[in-house]
Amino acid sequence: MTVIPDAAKKVPLMFRAQTSGRCQLQRLVKGQEPDAVLWADEWTDKTYPEAPVFDAEVQTRSYTLSWRFVTNSGQDDGVIRPVIGAKGYPFYPGSSMKGIFRRACTAEQAARYCGKPLSGGDYEPGLLRFHGGYPIDTSWTEHLVDIVHPQQDWQVKNDNKNAGAFVQISLYRPTLQFGISSTIPLEPQEWETIWSIWEKAFSTGIGCRVCAGYGQPENQAGDLLYKCRLKGQGQAAKLLDGTGEFRPNVFRAAIRGHALRIFGGLTDERTADRLIDQLFGSAMDKGTVGLLSLNFRPLKLEIATFGKGSYSQPTYEVEGELIWHLTQKLNPDKREALTKLIAALTRFAMLLGGFGKSWRRADHRLFLPDYYDEDYKPLIGCHWQWAGERSLAIDVKVRKLDKVGEFINEVRQAAQIWMQVQGVAPTSDRRAPWRESWHPDNVQVWGRVAEEAEDSEAIHWLHGPYQDAVPSARISEGSIYDTHITGKVGQIGRIWHRMYPVVRLKPPENPGSKPQPVLTRKYLELLTFFPDDSLESKEFLQYLSAQADRARGFQKLWS
């Protein structure tokens with residue numbers, strides 16, 4: 001009998017249990033290749049180089065997804081990974097394909113194509129056979145290891161991190177070929193009808209996590225609620241292999257978080273969480289399908305690198321269309337309320353923050369370039385602005401400092417209207433007890449006009465005192481630097497700093513024409529502050545209040 005040394009170690013990770021010493025896709029060990037990367041390499045190394053080909057009688061069409069795609073095989077505890085089919089290729093199962101196809105049919109179409117129940121408990125099968133979808137080539141083997149990092153509670157509610165980063169295996173921008181066949185010959189015209197039904201079903205996304213932007217077709221044709229165009233720059237997500245990736249789910253994460261803050265200032269904790277799960281979906285308990293589905297269609301995207309040594313960080317510059325679709329039918333009143341709500345929340349995110357890593361800070365490359373005179377400095381902040389004539393004209397609701405408070409009240413009003421059409425009465429006297437509940441007793445917004453990018457004043461307070469000591473006048477130094485107000489790595493601070501570009505409207509040159517949006521060199525410098533009972537908070541608010549009488553000093557805009 002032949003003895004194979006270390007036989008257990010020769011078993012591919014795919015077939016090992018998720019336990020210590022065998023395979024742990026969720027574990028990172030410093031200095032070692034992660035099991036998740038080895039798992040993916042072993043899988044793709046043994047996959048056939050040729051993609052599966054459907055039989056000649058199967059009708060096929062191919063579609064490209066706008067970002068990542070994942071189906072959950074359900075085989076490994078705690079890890080989401082694709083269903084794997086012929087030749088080792090990941091695939092979208094025919095049963096799933098039939099399920100969403102049926103939902104897009106009329107009752108008559110569903111009976112003809114998918115089958116119908118008969119009296120006596122029997123069932124008549126439909127005409128169509130759904131063969132699933134496979135990638136058309138091997139490009140899906142790149143960038144398979146995906147990182148999911150839930151942060152909602154930590155970002156909004158308290159300082160407790162309930163979870164870290166999780167690995168899942170998903171396909172990056174694959175092109176999938178889907179197959180459908182019929183038990184009887186069909187005319188070409190009827191096949192066109194069948195594919196139009198499939199495209200209607202496909203338009204809302206396929207696979208898992210569709211409400212977070214996964215599984216969305218490149219050319220989406222769903223029930224459009226709101227669309228805008230924007231562009232930004234900042235820190236790209238770093239995958240386990242060190243490569244950078246711009247991840248469109250940053251939009252959903254930021255806007256979901258802002259919705260939670262707004263609702264948390266209007267009702268109690270439990271009701272606010274329920275409203276959010278209804279809008280954006282949830283994986284808790286039995287799971288909730290959200291009303292909103294997001295898609296981001298990039299028009300320009302560049303991934304680069306900034307910084308040196310251990311501070312080297314992948315970066316993005318991106319411009320594109322952010323699109324929100326409705327996933328379910330709503331009556332006209334609810335639909336109108338939801339449309340206004342998601343538009344208001346998106347504009348709120350643009351006015352006071354940004355998207356992705358370090359969204360609470362203005363991009364130091366633009367507003368404090370001297371910070372990088374020394375090579376070895378971390379990349380801080382991001383910068384987002386509206387793009388395209390339509391968004392610059394319509395989505396810019398704040399063009400002057402005195403409009404900030406009015407706009408914030410409009411956002412809260414949109415949230416209250418949505419609550420009311422859901423039969424939920426706002427009860428702001430019982431707000432959620434979170435660090436960032438958006439209630440006038442819990443947050444203040446201050447602002448000033450900056451004449452140009454380098455006129456930012458508050459950005460210096462993040463790296464030094466906001467007030468120098470004057471011993472002769474018995475004035476002590478004031479500083480929030482390196483405190484819980486500004487936060488640090490591993491700790492969320494209590495202040496957001498935003499440089500919001502000022503866009504003015506140029507009066508129309510001809511009667512009947514529209515005003516034209518014009519970008520200026522100015523910015524609204526905005527501070528969003530969630531003060532607590534600490535001495536640092538009280539002294540900083542006293543300093544801001546003293547600024548109100550100074551030319552171009554900070555003014556309180558909302559509380």
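Given the structure is predicted, the values throughout are model-derived calculations rather than measurements. Computation of the quantities below employed the complete heavy-atom set of this structure, encompassing side-chain atoms and omitting hydrogens, waters and symmetry-equivalent molecules.
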Checklist line | Residue list, salt bridge (Lys or Arg N to Asp or Glu O under 4.0 Å) with R103, at least two apart or on another chain | finding: none
Next item on the list: Flag the pair W438 / V411 as yes when at least one side-chain heavy-atom distance between them is below 4.5 Å, and no otherwise.
Entry: no
Notebook entry, point to check: Taking the side chain as C-beta and beyond, is there a heavy-atom pair between E269 and P433 under 4.5 Å?
Noted result: yes
Item checked: Pair W384 + F251: ring centers closer than 6.0 Å -> yes
Check: Would D277 and R256 pass as an ion pair if we require N to O under 4.0 Å?
Finding: yes
Next item on the list: Check the pair E536, R494 against salt bridge (Lys or Arg N to Asp or Glu O under 4.0 Å), reporting the backbone distance first and the verdict last.
Entry: CA-CA 11 Å; E536 289 91 346; R494 289 180 166 269; over 6 Å; no
Note to self: Run the side chain to side chain contact (heavy atoms under 4.5 Å, CB included) test on L366 and Q233 for me, step by step, so that the C-alpha distance in whole Å, both residues' side-chain angles and the decisive distance to 0.1 Å come before the verdict.
What the structure shows: CA-CA 10 Å; L366 297 175; Q233 64 176 51; 3.6 Å; yes
Next item on the list: Take the angle between the ring planes of H143 and Y172 and call it parallel below 30°, perpendicular above 60°, tilted in between.
Entry: perpendicular
Margin query: For the NZ atom on K340, are there more than 12 heavy atoms of other groups (residues, nucleotides or ligands in this structure) within a distance under 6.0 Å?
Written below: no
Next item on the list: Would you name the heavy atoms of W434 and N442 that are closest together and state the gap between them?
Entry: O-ND2, 3.5 Å
Notebook entry, point to check: Once you round to the nearest 0.5 Å, how far does OG of S479 lie from OH of Y543?
Noted result: 11.5 Å
Next item on the list: Using the six-membered ring wherever Trp is involved, compare the ring planes of Y311 and Y376 and label them parallel, tilted or perpendicular (cut-offs 30° and 60°).
Entry: tilted
Notebook entry, point to check: Is it true that E218 and R173 have a side-chain N and a carboxylate O under 4.0 angstrom from each other?
Noted result: yes
Notebook entry, point to check: Between the side chain of S456 and the main-chain N/O of E525, is any donor-acceptor distance below 3.5 Å?
Noted result: no
Item checked: Heavy-atom side-chain proximity of R361 to I495 below 4.5 angstrom -> yes
Notebook entry, point to check: Just by distance, do the side chain of D146 and the backbone of S170 share a donor-acceptor pair under 3.5 Å?
Noted result: no
Notebook entry, point to check: Where the side chain of S437 meets the backbone of G265, is there a donor-acceptor pair that is under 3.5 Å apart?
Noted result: no
Next item on the list: Could you check R552 against V449 for side chain to side chain contact (heavy atoms under 4.5 Å, CB included), going step by step and ending with a plain yes or no?
Entry: CA-CA 6 Å; R552 296 199 299 114; V449 176; 5.7 Å; no
Note to self: Can you classify the ring geometry of W461 versus Y466 as parallel (below 30°), tilted (30 to 60°) or perpendicular (above 60°)?
What the structure shows: perpendicular
Margin query: Are W446 and F540, when compared by the centres of their aromatic rings, separated by less than 6.0 Å?
Written below: no
Margin query: Does atom CZ (R521) have a neighbourhood of more than 12 heavy atoms from anything else shown, all under 6.0 Å?
Written below: no
Next item on the list: For the pair R347 and E410, find out whether any cationic side-chain nitrogen is under 4.0 Å from an anionic carboxylate oxygen.
Entry: no
Margin query: As an exercise, state the distance from CG of L279 to CG of L292, rounded to the nearest 0.5 Å.
Written below: 5.5 Å
Notebook entry, point to check: Taking K522 for the side chain and L519 for the main chain, is one N or O donor matched with an acceptor at less than 3.5 Å?
Noted result: no
Item checked: Residues E319, R229: salt bridge by 4.0 Å N-O rule -> yes
Next item on the list: Could you tell me whether R335 and D223 make a salt bridge, using a distance below 4.0 angstrom between a side-chain N and a carboxylate O?
Entry: yes
Notebook entry, point to check: K400 and V398: which non-hydrogen atoms are nearest, and at how many Å?
Noted result: O-CG1, 3.4 Å
Next item on the list: Mark yes or no for whether T486, through its side chain, and I480, through its backbone, hold a donor-acceptor pair below 3.5 Å.
Entry: yes
Notebook entry, point to check: Atom CG in L462, atom CG in L368: separation rounded to 0.5 Å?
Noted result: 9.0 Å
Next item on the list: Look only at the side chain of T315 and the backbone of A236, and say whether a donor-acceptor pair between them is shorter than 3.5 Å.
Entry: no
Next item on the list: Measure the OH-OG1 distance between Y226 and T339 for me, rounded to the nearest 0.5 Å.
Entry: 11.0 Å
Item checked: Salt bridge R448-D455, side-chain N to carboxylate O under 4.0 Å -> yes
Next item on the list: Decide side chain to side chain contact (heavy atoms under 4.5 Å, CB included) for L260 and D273; before the verdict, give the C-alpha distance in whole Å, the side-chain angles of both, and the deciding distance to 0.1 Å.
Entry: CA-CA 7 Å; L260 193 61; D273 277 329; 3.6 Å; yes
Next item on the list: Write down the atom of A349, the atom of I255, and the distance for their closest heavy-atom approach.
Entry: CB-CG1, 4.2 Å
Item checked: Lys/Arg N to Asp/Glu carboxylate O, D363 vs R365, below 4.0 Å -> yes
Next item on the list: Examine W558 together with F348 and report whether their ring centres are nearer than 6.0 Å.
Entry: no
Check: With a cut-off of 6.0 Å (strictly less than), are more than 12 heavy atoms of other residues, nucleotides or ligands near CZ of R270?
Finding: no
Margin query: On a heavy-atom basis, which atom in Q235 and which in L379 lie closest, and how many Å separate them?
Written below: NE2-O, 2.6 Å
Margin query: Give me the atom names and distance for the closest heavy-atom approach of S534 to D532.
Written below: OG-OD1, 2.6 Å
Check: To the nearest 0.5 Å, what is the distance between CD (Q444) and CG (L541)?
Finding: 5.0 Å
Note to self: Please find the pair of heavy atoms, one from Q385 and one from P501, that lie closest to each other, and give the distance.
What the structure shows: CB-CG, 3.8 Å
Notebook entry, point to check: When you measure from the side chain of R412 to the backbone N and O of H439, does any donor-acceptor pair fall under 3.5 Å?
Noted result: no
Next item on the list: Give a yes or no on whether the backbone of V502 and the side-chain of T520 come within a donor-acceptor separation of less than 3.5 Å.
Entry: yes
Item checked: Salt-bridge present (E389, K514; N to O < 4.0 Å) -> no
Margin query: Looking at R252 and F280, would you say the former's side chain and the latter's main chain have a donor-acceptor pair under 3.5 Å?
Written below: yes
Margin query: Can you confirm whether the side chains of S293 and Q216 place a donor and an acceptor under 3.5 Å from each other?
Written below: yes
Check: Is there a donor-acceptor pair closer than 3.5 Å between any side-chain N or O of S391 and the backbone N or O of G388?
Finding: no
Next item on the list: Find out whether E454 and P369 are in side-chain contact, i.e. whether some heavy atom of one side chain is under 4.5 Å from a heavy atom of the other.
Entry: yes
Check: Would you say the side-chain atoms of E539 and Q467 include a donor-acceptor pair closer than 3.5 Å?
Finding: no
Checklist line | Spatial distance of atom CZ (F246) from atom CD1 (I303) [nearest 0.5 Å] | finding: 8.0 Å
Margin query: Applying side chain to side chain contact (heavy atoms under 4.5 Å, CB included) to R274 and V424, what does each step give before you reach the verdict?
Written below: CA-CA 11 Å; R274 180 166 58 80; V424 178; 4.0 Å; yes
Check: Parallel, tilted or perpendicular for Y372 and F306, by the 30°/60° rule?
Finding: perpendicular
Check: Tell me, do I485 and F529 make a side-chain contact under 4.5 Å, heavy atoms counted?
Finding: yes
